[in-house]
2 protein chains.
Amino acid sequence: MGQNPMTVNQAIAKLKEKGYKNTDKRRDLLEVFADEKRYLSAKDVQEALKNKYPGLSFDTIYRNLSVFAEHGLLEETEWEGEKKFRFTCSAGHHHHHIICLTCGVTRSVDACPMDSVSTNMEGFEITGHKFEIYGYCTSCKKA
Amino acid sequence: MGQNPMTVNQAIAKLKEKGYKNTDKRRDLLEVFADEKRYLSAKDVQEALKNKYPGLSFDTIYRNLSVFAEHGLLEETEWEGEKKFRFTCSAGHHHHHIICLTCGVTRSVDACPMDSVSTNMEGFEITGHKFEIYGYCTSCKKA
DNA sequence: TTAGTTTTAGTAATGAGTACGATTTAAGCT
DNA sequence: AGCTTAAATCGTACTCATTACTAAAACTAA
């Protein structure tokens with residue numbers, strides 16, 4: 001495990017700054033995302049860690065995923081009634097994704113439609129936006 | 001009730017074509033959406049009809065909302081873990097929305113980012129996309 | 001009106017996500 | 001290293017949205 005030890009270490013360090021402790025489970029949770037680089041649901045994460053931590057509780061998974069997302073370590077979205085998370089691509093760089101609905105794998109879309117929206121937003125206090133393209137990747141298309 | 005009888009009648013007619021029957025509850029469900037022109041959750045709909053149909057079951061609501069959405073009478077989306085529906089704006093015209101997260105009211109965005117996406121989608125079979133801008137409308141901002 | 005189908009009420013089941021007390025663990029201090 | 005305390009975890013129970021099921025009622029078309 002751990003094709004990207006540096007990035008996980010950076011993430012752990014960032015958490016430490018904020019006062020979060022470095023636990024084995026947290027590290028392993030982050031490594032699942034660092035290794036996969038795909039959108040994963042809580043259940044996917046449980047599945048990925050079931051050998052190492054057979055009784056890993058949902059409380060632990062959900063709480064940590066929220067903490068990670070809150071501090072920018074993971075990107076969060078939801079589709080088909082489930083929250084999904086993925087390792088943050090490159091720190092600070094705003095972007096969007098093409099997402100495979102089956103496996104969660106993504107491809108980056110650098111352009112942001114907000115840059116060219118001409119609609120009048122007067123009166124609205126804008127707090128965020130979502131632009132995602134959905135489909136099936138080469139591998140999942142075949143199956 | 002029924003500020004938009006024409007549109008509701010058209011919707012009912014469309015359903016009839018497909019073999020669905022014209023029932024009072026279906027009509028009233030559609031009228032809630034025609035009157036509101038906002039994104040509403042199943043619970044919002046139940047609330048809106050609780051006087052006329054105190055015991056309206058969720059089965060009825062969800063089943064009909066799905067039927068409506070499936071045949072293009074309603075637009076469907078989800079945020080904050082809930083499915084939301086709104087009366088389809090203008091038949092056939094592709095567009096997006098600015099959405100108030102509190103009351104579901106919308107403003108149209110005519111431009112579609114898909115028209116100018118330059119990312120290579122080779123390998124991906126694209127099935128759909130989502131572009132939504134979130135915020136708070138004038139009324140909800142105050143409160 | 002009658003036959004046949006659709007719809008509905010009422011309720012139960014499912015599944016994602018959240019909450020909480022008791023126990024365990026990490027990290028800082030002496 | 002041992003002590004302290006604040007955080008993390010487990011195990012479980014709960015909430016909430018959504019879906020599923022069955023008997024009964026309502027509707028359409030002939």
Side-chain angles (χ1 to χ4, degrees), chain A residues 8-9 11-32 39-71 73-74 76-85 101 104, chain B residues 11-32 39-71 73-74 76-85 101 104:
Chain A
V8 170
N9 283 342
I12 292 284
K14 201 165 178 179
L15 287 176
K16 210 160 193 173
E17 280 174 34
K18 311 267 183 181
Y20 293 96
K21 294 182 178 175
N22 172 9
T23 69
D24 288 347
K25 295 201 175 81
R26 263 218 251 271
R27 174 172 293 274
D28 286 332
L29 280 168
L30 285 166
E31 278 182 355
V32 168
Y39 273 108
L40 301 172
S41 68
K43 188 166 282 184
D44 293 333
V45 172
Q46 190 188 43
E47 181 68 22
L49 291 175
K50 73 173 179 192
N51 288 325
K52 191 158 185 183
Y53 305 108
L56 186 60
S57 92
F58 276 111
D59 181 289
T60 302
I61 295 173
Y62 282 114
R63 184 172 26 73
N64 279 310
L65 294 187
S66 294
V67 168
F68 296 159
E70 192 181 331
H71 293 92
L73 274 38
L74 298 183
E76 183 180 359
T77 190
E78 70 176 289
W79 74 82
E80 292 174 353
E82 268 187 336
K83 291 186 183 176
K84 319 267 184 167
F85 300 83
L101 293 170
Chain B
I12 292 284
K14 201 165 178 179
L15 287 175
K16 209 161 194 173
E17 279 175 34
K18 310 269 183 180
Y20 292 96
K21 295 182 178 174
N22 173 8
T23 69
D24 288 347
K25 293 199 176 83
R26 263 218 250 271
R27 174 173 292 275
D28 286 332
L29 280 168
L30 285 165
E31 279 182 354
V32 168
Y39 273 107
L40 300 172
S41 67
K43 188 167 282 185
D44 293 333
V45 172
Q46 190 189 42
E47 181 67 22
L49 292 175
K50 74 173 179 193
N51 288 325
K52 191 159 184 181
Y53 305 108
L56 187 59
S57 89
F58 277 111
D59 182 288
T60 302
I61 296 173
Y62 281 113
R63 186 171 26 73
N64 279 310
L65 294 188
S66 295
V67 168
F68 296 160
E70 191 181 330
H71 293 90
L73 274 38
L74 297 183
E76 183 180 358
T77 189
E78 70 177 289
W79 73 81
E80 292 174 351
E82 268 188 337
K83 290 186 182 176
K84 319 266 186 169
F85 301 83
L101 293 169

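Quick note on labels: first sequence line is chain A, next is B, and so on, each numbered from 1.
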Note to self: It should be established whether Lys25(B) places a side-chain nitrogen or oxygen under 4.0 Å from OP1 or OP2 of nucleotide dT8(C).
What the structure shows: no
Notebook entry, point to check: Mapping Phe58(A) and Tyr20(A) onto DNA chain D by nearest heavy atom, which one lands closer to the 5' end?
Noted result: Tyr20(A)
Next item on the list: Select one nucleotide: of dC10(D), dA27(C), dT8(C), the one nearest the side-chain heavy atoms of Lys16(A).
Entry: dA27(C)
Next item on the list: Send over the distance from Phe85(A) CZ to dG17(C) C1', rounded to a whole Å.
Entry: 10 Å
Next item on the list: Establish, with yes or no, whether the OP1 or OP2 oxygen of dT6(C) is under 4.0 angstrom from a side-chain nitrogen or oxygen of Asn22(B).
Entry: no
Item checked: Any Lys83(A) side-chain nitrogen or oxygen under 4.0 Å from OP1 or OP2 of dG15(C) -> no
Note to self: Side-chain N or O of Ser41(A) versus OP1/OP2 of dA16(C): is the shortest distance under 4.0 Å?
What the structure shows: no
Notebook entry, point to check: Base, sugar-phosphate alone, or nothing: which one does Gly19(B) contact when heavy atoms must sit under 4.0 Å apart?
Noted result: nothing
Notebook entry, point to check: If you pin Lys84(B) and Asp59(B) to their nearest nucleotides in DNA chain D, which one's is more 5'?
Noted result: Lys84(B)
Next item on the list: Report yes if a side-chain nitrogen or oxygen of Arg63(B) is closer than 4.0 Å to either non-bridging phosphate oxygen (OP1 or OP2) of dT8(C); otherwise report no.
Entry: yes
Next item on the list: Kindly indicate whether the side chain of Lys21(B) and the base of dA26(D) share any N or O donor-acceptor pair separated by less than 3.5 Å?
Entry: no
Notebook entry, point to check: In Å, rounded to the nearest 0.5 Å, how long is the span from OG of Ser66(A) to CZ of Phe85(A)?
Noted result: 5.5 Å
Next item on the list: Rounded off to whole Å, could you give me the CG-to-P distance for the Asp28(B) and dT8(C) pair?
Entry: 11 Å
Margin query: In whole Å, I'd like the distance from the NZ atom of Lys18(B) to the C1' atom of dT5(C).
Written below: 20 Å
Notebook entry, point to check: If you round to the nearest 0.5 Å, how far is NZ of Lys83(A) from CG of Leu65(A)?
Noted result: 9.5 Å
Margin query: Just to be sure I understand the rule, does Thr23(A) reach a base, reach only the sugar-phosphate, or reach nothing, if contact means heavy atoms closer than 4.0 Å?
Written below: sugar-phosphate
Next item on the list: Kindly compute the distance separating CG (Leu74(A)) from CG (Leu30(A)), expressed to the nearest 0.5 Å.
Entry: 6.5 Å
Item checked: Gap between atoms CD and P, on Glu47(B) and dA17(D) respectively (whole Å) -> 13 Å
Margin query: Using a strict threshold of under 4.0 Å (side-chain N to carboxylate O), is an ion pair present between Lys50(B) and Glu47(B)?
Written below: yes
Next item on the list: For the side chain of Asn64(B), starting at C-beta, report the closest nucleotide among dT9(D), dT8(C), dC27(D).
Entry: dT8(C)
Note to self: Please report the interatomic distance CD(Glu82(B)) to CG(Leu40(B)), rounded to the nearest 0.5 Å.
What the structure shows: 11.0 Å
Next item on the list: Report yes if a side-chain nitrogen or oxygen of Thr60(A) is closer than 4.0 Å to either non-bridging phosphate oxygen (OP1 or OP2) of dC10(D); otherwise report no.
Entry: yes
Notebook entry, point to check: Are OP1 or OP2 of dT18(D) and a side-chain N or O of Tyr62(B) less than 4.0 angstrom apart?
Noted result: yes
